[in-house]
Student: 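Next up is a structure, given as structure tokens.
All values below were derived from every heavy atom in this structure, side-chain atoms included, with hydrogens, water molecules and symmetry-related copies excluded. Just so we're on the same page: letters track the sequence lines, and every chain starts at 1.
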Amino acid sequence: NAGVTQTPKFQVLKTGQSMTLQCAQDMNHNSMYWYRQDPGMGLRLIYYSASEGTTDKGEVPNGYNVSRLNKREFSLRLESAAPSQTSVYFCASSWTETLNEQFFGPGTRLTVL
Amino acid sequence: GDSVTQMEGPVTLSEEAFLTINCTYTATGYPSLFWYVQYPGEGLQLLLKATKADDKGSNKGFEATYRKETTSFHLEKGSVQVSDSAVYFCALSDRDRGSNYKLTFGKGTLLTVNP
């Protein structure tokens, strides 16, 4: 089992460019999450999907969109990247959204120039 | 809203020293509490958890007790090793207004253990 995988690992964008971060899990989990990690800020939830077919905003959703493509895959899209979106992005999954352990991917380090 | 406050780092210890990382929380409901660890260049891993008051979570020599009266979940280890060098995050899971569970993280504490 690969667990939670994310692609790419690193990305550099220019302001205004768009890109999609990919996430997949092979644990048959129902819930999936996108976080961003910034120095001194901990992790902040961007969007989550409690189950296939549903998505909801988290704490910092502005500038992002998500797609729960199927049970395994949950992508995060930046339509017009801004320097404020320079961060490390983590995808996570859990069996359900209720109190269960979240399993994290290795992260994508994104720099927006 | 919910929040988690943990001691600011960095924390630097010598091998075999005693470790305490303080964590306090505010929550509207009855949260579950977690400690996650992030090793350099990796994602977060669950270290231990406690789901109700007075529960003690433990793993790999680390312990934390859910103290409802002091709203705390301090992480302790009796004898740290160089391999424990990492960033440690305290977190809580609680229902939001929409009855959805969310994880709220502290800002993280960097621990460096020197040989």
Student: For each of B:Gly43, B:Gly106, B:Gly9, tally heavy-atom pairs with chain A at distances under 4.5 Å, and name the one with the top tally.
Tutor: B:Gly43
Student: Can B:Val87 be reached from B:Val11 by stepping across I, L, V, M, F, W or Y side chains whose heavy atoms are under 4.5 Å apart?
Tutor: no
Student: Calculate, to the nearest 0.5 Å, the distance between atoms CZ and CD belonging to A:Phe90 and B:Gln38 respectively.
Tutor: 4.5 Å
Student: With a cut-off of 6.0 Å (strictly less than), are more than 12 heavy atoms of other residues, nucleotides or ligands near CD of B:Glu16?
Tutor: no
Student: Side chain, backbone, both or neither: which part of A:Leu43 has a heavy atom under 4.5 Å from chain B?
Tutor: both
Student: Measure the spacing between CD of A:Gln37 and NZ of B:Lys107 and express it to the nearest 0.5 Å.
Tutor: 13.0 Å
Student: If you round to the nearest 0.5 Å, how far is CD of A:Gln102 from CG of B:Leu44?
Tutor: 9.5 Å
Student: Any side-chain heavy atom of A:Met41 sitting closer than 4.5 Å to one from B:Phe105?
Tutor: no
Student: I want to check something: taking the side chain as every heavy atom from C-beta on, are B:Leu103 and A:Tyr35 in contact at a cut-off of under 4.5 Å?
Tutor: yes
Student: Would you compute the distance between atom CZ of A:Phe103 and atom CD of B:Gln45 and round it to the nearest 0.5 angstrom?
Tutor: 10.0 Å
Student: Under a 4.5 Å side-chain heavy-atom rule over Ile, Leu, Val, Met, Phe, Trp and Tyr, are A:Met32 and A:Leu76 clustered together?
Tutor: yes
Student: Please, which pairs that meet side-chain hydrogen bond (donor to acceptor under 3.5 Å, both in side chains) have at least one residue in residues 104-113 of chain A, sequence neighbours excluded?
Tutor: none
Student: Is B:Leu48 reachable from B:Val37 through a run of hydrophobic residues whose side-chain heavy atoms are each under 4.5 Å from the next?
Tutor: yes
Student: If you count every heavy atom of other residues, nucleotides or ligands that lies below 6.0 Å from B:Glu8 atom CD, does the total exceed 12?
Tutor: no
Student: Measure A:Gln6 against the heavy atoms of chain B and call it side chain, backbone, both or neither at under 4.5 Å.
Tutor: neither
Student: OH/B:Tyr36 to CD/A:Glu101 distance, rounded to the nearest 0.5 angstrom?
Tutor: 5.5 Å
Student: Starting from A:Val112, can I reach A:Trp34 by hopping between I/L/V/M/F/W/Y residues whose side chains sit under 4.5 Å apart?
Tutor: yes
